[in-house]
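Notes for the one structure printed next.
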2 protein chains.
Amino acid sequence: MEIITIKDIAKALNLSTSTVSRALRGSYEINPETKRLVMEYAERMNYRPNPIALSLKENRSRSIGVIIPEIANNFFSQAINGMESIAYNRGYHVVISQNHESYERELVSTQYLAQRRVDGLLVSLSGESNDLEHFKELQTKGLPIVFFDRVPQDYITHKVIADNFAGTYEATEHLIKQGFRRIAHLTSPSWLSITYERLEGYKKALQNHDIPIEDSYIKYCSHGGMIFEEVEQAVMELINHPNRPDAVFTAGDRLTTTCMSLIRREGLRIPEDIAIVGFTNLMTADLLNPALSAVRQPAYEMGQLATEFLIDLIEHPKATIRFETKKLDTHLVIRDSSLKATP
Amino acid sequence: MEIITIKDIAKALNLSTSTVSRALRGSYEINPETKRLVMEYAERMNYRPNPIALSLKENRSRSIGVIIPEIANNFFSQAINGMESIAYNRGYHVVISQNHESYERELVSTQYLAQRRVDGLLVSLSGESNDLEHFKELQTKGLPIVFFDRVPQDYITHKVIADNFAGTYEATEHLIKQGFRRIAHLTSPSWLSITYERLEGYKKALQNHDIPIEDSYIKYCSHGGMIFEEVEQAVMELINHPNRPDAVFTAGDRLTTTCMSLIRREGLRIPEDIAIVGFTNLMTADLLNPALSAVRQPAYEMGQLATEFLIDLIEHPKATIRFETKKLDTHLVIRDSSLKATP
DNA sequence: GTGAAAGCGCTAACAG
DNA sequence: CTGTTAGCGCTTTCAC
C-alpha cells in the first residue's frame with residue numbers, strides 16, 4: 001500500500017484537488033454527497049495529509065521544540081512527560097534536543113529546530129549560556145519562547161521556575177536546625193538563575209540564624225557536574241578545608257551523586273562526618289546509602305505549565321499579554337543523609 | 001534580519017533561482033565568478049536552505065527517528081547519546097519519541113515519524129508490542145528499520161542486542177557461587193526477546209549447577225515495571241512464598257528499584273534475607289543501600305552500532321546485504337547486594 | 001553558463 | 001458547489 005495524496009483521491013473520484021482538499025477539511029461550501037464520497041475514500045485508503053507539505057505552506061509545523069541540558073536527568077525527563085501530556089492534547093508534537101551543557105550544542109539545536117519550523121521553543125539554558133542572542137533573534141522573528149528551570153534574568157517572556165530560594169532556604173534551615181553549623185554549598189555555574197536564587201536562599205538561612213557566611217564553603221562547578229574532575233576538585237577542597245564543613249547542600253543530580261561518591265571514597269561517613277541535602281529529583285533518593293534528603297521540584301507540573309504558556313503564545317500571537325514568571329513550590333523530603341547523629 | 005531564500009539571493013544578484021541553486025551546491029557548470037558572488041552573498045546574509053522544502057522535494061529529511069520505551073531510563077538515555085554521536089557526524093539529526101511501554105503510543109509515534117519523513121527508524125519495542133504490522137508495512141514501503149535491545153524474533157533486519165543470555169547466566173551463576181539456592185527471577189513481559197533470553201540464561205545456570213527450576217520463582221511484569229501495583233504483587237508473592245527465595249534477579253531499572261523498595265518496606269534485609277542482582281544501567285548503583293550488583297549493558301556502543309547499521313541501510317538502499325544481529329557483551333559488577341554474609 | 005518551467009503535496013484566492 | 005491557478009522553497013530537466 002503506497003502513500004496516497006490528495007491528487008490520487010482527486011483522480012480516483014474525478015474531482016479537482018481543491019475540491020478534495022475542501023471536502024477533507026469539511027468546508028461548508030461542498031456538496032454533502034461529494035464530501036461523503038471523499039471522506040469515505042480517504043478513510044478507506046488510509047489517507048494522511050503530508051505534514052511536510054503543510055509545514056512548507058503554512059510555515060508552521062504543529063510541533064514544539066524542547067532544548068534541555070540532559071535527558072539523563074530525572075528532573076528533565078519528568079518535565080518532558082509533563083510537556084507531552086499538554087502538547088498532545090492540544091495537537092502538538094514535542095521534539096527533544098539536548099545541549100549537554102554546551103553553548104555550542106544549544107546553538108546548533110536552536111538553529112535546527114527553528115529551521116524545522118517548530119512553532120515555539122521550551123528552553124532550559126545550558127550551563128555555558130550567557131549569550132542569548134540566538135533566542136532573542138528568533139523571538140523578534142516571531143518565534144515564541146518560554147523558559148523553564150534555568151531562565152535568563154533579562155529576557156521578557158513567560159518563565160516557569162521552582163521556588164529555588166525557598167527550597168534552598170528550607171533545606172539549609174533544616175540542616176541548621178539539625179545542629180550543623182559549617183554548611184557548604186556545592187552548586188552550578190555562577191551565572192545561572194537557579195544558582196543565584198539557591199545561593200540567596202542559602203545565605204538568607206544562614207543570616208537568619210546568625211551563622212556567618214564563609215565564602216570558601218561555596219563552590220561553583222561551571223559544567224554543572226558533567227565533568228567529574230571539576231566536581232572532584234571542588235569536593236576535595238571542601239574535604240581538605242582547614243575547617244571542614246559538617247554538611248553540604250548540592251544543587252543538582254550529578255553534583256549530588258558525585259559528591260556522595262567522593263565523600264565515600266575519602267573514607268568519610270554520611271551524615272556523621274558530612275551531612276548532605278540535594279536539590280534533585282533522583283528517583284532512587286530513598287534507596288541510597290544513606291537515604292538522601294532532597295528538595296524536589298514539581299518537574300511534571302513545570303513542564304505542563306511551560307507548555308500551556310507556550311501554546312497560548314503560539315495560538316494568540318498578537319494578544320498583548322503581560323508576561324509572567326510562574327514560581328512553583330518545591331518539596332523537602334527529609335531522610336537519613338541530613339540527620340544529626342544523636343551523640 | 002528576516003529569513004532569506006534562494007529567491008531573495010537571485011533577485012539581489014540579478015540571477016535566476018536555478019543559477020543560485022546550482023552555484024550554492026557547487027555545480028561545475030557555473031561560472032566561477034558567479035559562484036563566488038553567490039557564495040559570498042549567501043554567507044553574508046546567513047542563508048540556510050529550508051530543510052522543509054528539501055524534505056518535500058526529496059522525500060527525505062536527513063533525520064532518523066528513535067522510538068524507545070522511556071527516556072527516564074539510563075540505558076536508553078545512554079543509548080541515545082551513542083546514536084547522536086554517530087548521527088551528527090554523518091549529517092543526520094535524531095528525533096526522539098517515547099512509547100511509555102504502550103503499543104498505542106508506539107503506533108502513534110511510528111506514524112508521526114514516518115509522516116515527518118524520517119529516513120529511518122531505531123526501535124526498542126514497547127512492553128505491549130506483539131503485533132509488528134506497522135513496522136513491517138513501513139519497511140516494505142522502503143523505510144529502513146533497525147531494532148535494538150528489545151528486538152522482534154521473526155523480523156528480518158539488522159538488530160543490536162546485549163548478550164542477555166550470557167549476562168544473566170553470569171549473574172545467576174554468581175549468586176549460586178555465593179551460596180544462594182532459592183533464586184527468583186523478576187522480569188519483563190514474557191513475549192519480549194530480552195525476557196526470553198535472560199530467562200534462558202537463568203535456567204541454564206541453574207541447570208548447570210543442578211538446581212531445580214521452580215516456576216513459582218519466575219515472575220513476569222507485563223508493564224515492565226511501569227505500574228507499581230504489578231511489581232508489588234509479584235514481589236509480595238515472592239516474599240510470602242512458602243519457601244521464600246534467598247536471592248532475586250531483576251531484569252530492569254524500575255523492576256530493580258521497586259523490588260528493593262518493597263523488600264525494605266517489608267522489613268527484610270538485603271542481602272541477608274534476600275540478595276539481589278539487577279540487569280540495569282542505573283548510574284546510582286554503587287550509591288544504593290546496599291550497593292547494587294548489576295549487569296550493565298554497553299548502551300552507548302549499542303546506540304552507535306545501531307545507528308551505523310541504520311545509516312548504511314539508508315545510504316545504500318538497494319545493496320543486497322545480509323542482515324546481522326550484533327550481540328554485545330555485558331559486564332557484571334559485583335557489589336554488596338549479592339554477597340553472602342559470612343556466617 | 002544561465003534561464004524558464006515543472007513539480008514535490010497542499011491550500012486559498014479567484015472564477016465560474 | 002467546483003475547477004483553475006498560483007505559490008510555499010528548492011532542485012532539476014530542458015532549452016538556448
Side-chain angles (χ1 to χ4, degrees), chain A residues 2-39 41-42 45-63 111-112 114-119 141-143, chain B residues 2-39 41-42 45-63 111-112 114-119 141-143:
Chain A
E2 277 310 298
I3 286 173
I4 179 174
T5 74
I6 264 188
K7 206 190 217 166
D8 300 321
I9 304 184
K11 205 173 299 172
L13 267 43
N14 248 314
L15 292 168
S16 75
T17 58
S18 34
T19 304
V20 174
S21 172
R22 280 184 282 238
L24 250 17
R25 49 192 42 256
S27 165
Y28 65 98
E29 47 176 7
I30 293 288
N31 184 324
E33 179 58 13
T34 314
K35 207 184 277 189
R36 199 183 52 72
L37 233 60
V38 171
M39 293 292 211
Y41 187 79
M45 301 305 278
N46 196 25
Y47 167 78
R48 293 279 173 276
N50 181 333
I52 303 209
L54 283 176
S55 292
L56 183 60
K57 179 124 241 302
E58 304 181 351
N59 224 11
R60 49 126 80 217
S61 60
R62 290 218 145 258
S63 57
Q111 238 63 69
Y112 171 78
Q115 298 194 156
R116 293 314 300 189
R117 295 297 185 278
V118 292
D119 300 340
K141 280 186 194 162
L143 185 74
Chain B
E2 278 310 299
I3 285 173
I4 179 174
T5 73
I6 264 188
K7 207 189 216 167
D8 300 321
I9 303 183
K11 206 173 299 172
L13 266 42
N14 248 313
L15 292 168
S16 75
T17 59
S18 31
T19 305
V20 175
S21 172
R22 279 184 284 238
L24 251 17
R25 49 192 42 257
S27 165
Y28 65 99
E29 49 177 6
I30 293 287
N31 185 324
E33 179 57 13
T34 314
K35 207 184 276 188
R36 200 183 51 73
L37 234 59
V38 171
M39 293 293 211
Y41 188 79
M45 301 306 278
N46 197 25
Y47 167 78
R48 294 278 172 278
N50 180 332
I52 303 208
L54 283 175
S55 291
L56 183 60
K57 180 123 243 298
E58 305 181 352
N59 224 10
R60 48 120 92 216
S61 61
R62 290 218 145 258
S63 55
Q111 237 63 67
Y112 171 77
Q115 297 194 155
R116 282 333 284 196
R117 295 295 184 277
V118 292
D119 299 341
K141 280 186 194 162
L143 185 73

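All figures in this text were calculated on a predicted structure; none of them were measured in a lab. Labels below follow one simple rule: chain letters A, B, ... track the order of the sequence lines, proteins then strands, and each chain is numbered from 1.
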Mind listing the N/O atom pairs, protein and nucleotides 7-10 of chain C, below 3.5 Å?
{"from": "C:dG7", "atom 1": "N2", "to": "B:K57", "atom 2": "NZ", "distance (Å)": "3.3"}
{"from": "C:dC8", "atom 1": "OP2", "to": "A:K7", "atom 2": "NZ", "distance (Å)": "3.0"}
{"from": "C:dC10", "atom 1": "OP1", "to": "A:Y47", "atom 2": "OH", "distance (Å)": "2.6"}
{"from": "C:dC10", "atom 1": "OP1", "to": "A:N50", "atom 2": "N", "distance (Å)": "3.1"}
{"from": "C:dC10", "atom 1": "OP2", "to": "A:I6", "atom 2": "N", "distance (Å)": "2.6"}

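For B:K35 and C:dT2, the NZ to P distance is 10 Å, given to the nearest whole Å. Going from atom CG of B:D8 over to atom C1' of D:dG7 covers 15 Å, rounded to whole Å. As rounded to whole Å, 13 Å separates atom C1' of D:dG9 from atom NZ of B:K11. When rounded to the nearest whole Å, the span between CZ of A:R22 and P of D:dT5 equals 14 Å. The CZ-P distance, from B:R60 to D:dC10, rounds to 17 Å in whole Å. Rounding to whole angstrom units, OH of residue A:Y28 and P of D:dC1 are separated by 10 Å. Taking atom CZ of A:R36 as the reference point, atom C1' of D:dT2 lies 18 Å away to the nearest angstrom. In this structure, B:L13 atom CG and C:dG3 atom C1' are separated by 15 Å, rounded to whole Å.
Within 4.0 Å of B:T34, counting heavy atoms only, lie sugar-phosphate atoms of the nucleic acid but no base atom. Within the 4.0 angstrom heavy-atom criterion, only backbone atoms of the sugar-phosphate kind lie near B:L15; the bases stay farther away.
To the nearest 0.5 Å, atoms CG (A:L54) and CZ (A:R62) are separated by 10.0 Å. Note that CZ of B:R116 is 8.0 Å distant from CZ of A:R116, once rounded to the nearest 0.5 Å.
Listed here is the closest heavy atom pair of B:I52 and A:S55: CD1-CB, 3.6 Å. Between B:A10 and B:S16, the closest heavy-atom pair is CB-C, 3.8 Å.
Of the candidate nucleotides D:dC1, D:dT12, C:dA12, C:dA12 has the atom lying nearest to any side-chain atom of A:S18. Comparing C:dG1, C:dG3, C:dA12 by their nearest atom to the side chain of B:E29 picks out C:dG1.
Between A:L24 and B:I30, it is B:I30 whose nearest contact on DNA chain C lies nearer the 5' terminus.
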CA sep, side-chain torsions, deciding dist, call: A:I9, A:I4, side chain to side chain contact (heavy atoms under 4.5 Å, CB included): CA-CA 8 Å; A:I9 304 184; A:I4 179 174; 4.0 Å; yes

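Side-chain contact between A:Y41 and A:V20 is absent, with no heavy atoms from C-beta onward closer than 4.5 Å.
Checked by atom type, the side-chain pair A:R22/A:T34 shows no donor-acceptor distance below 3.5 Å.
Remark: A:S16 is in phosphate contact with D:dG3, judged by side-chain N or O atoms under 4.0 Å from OP1 or OP2.
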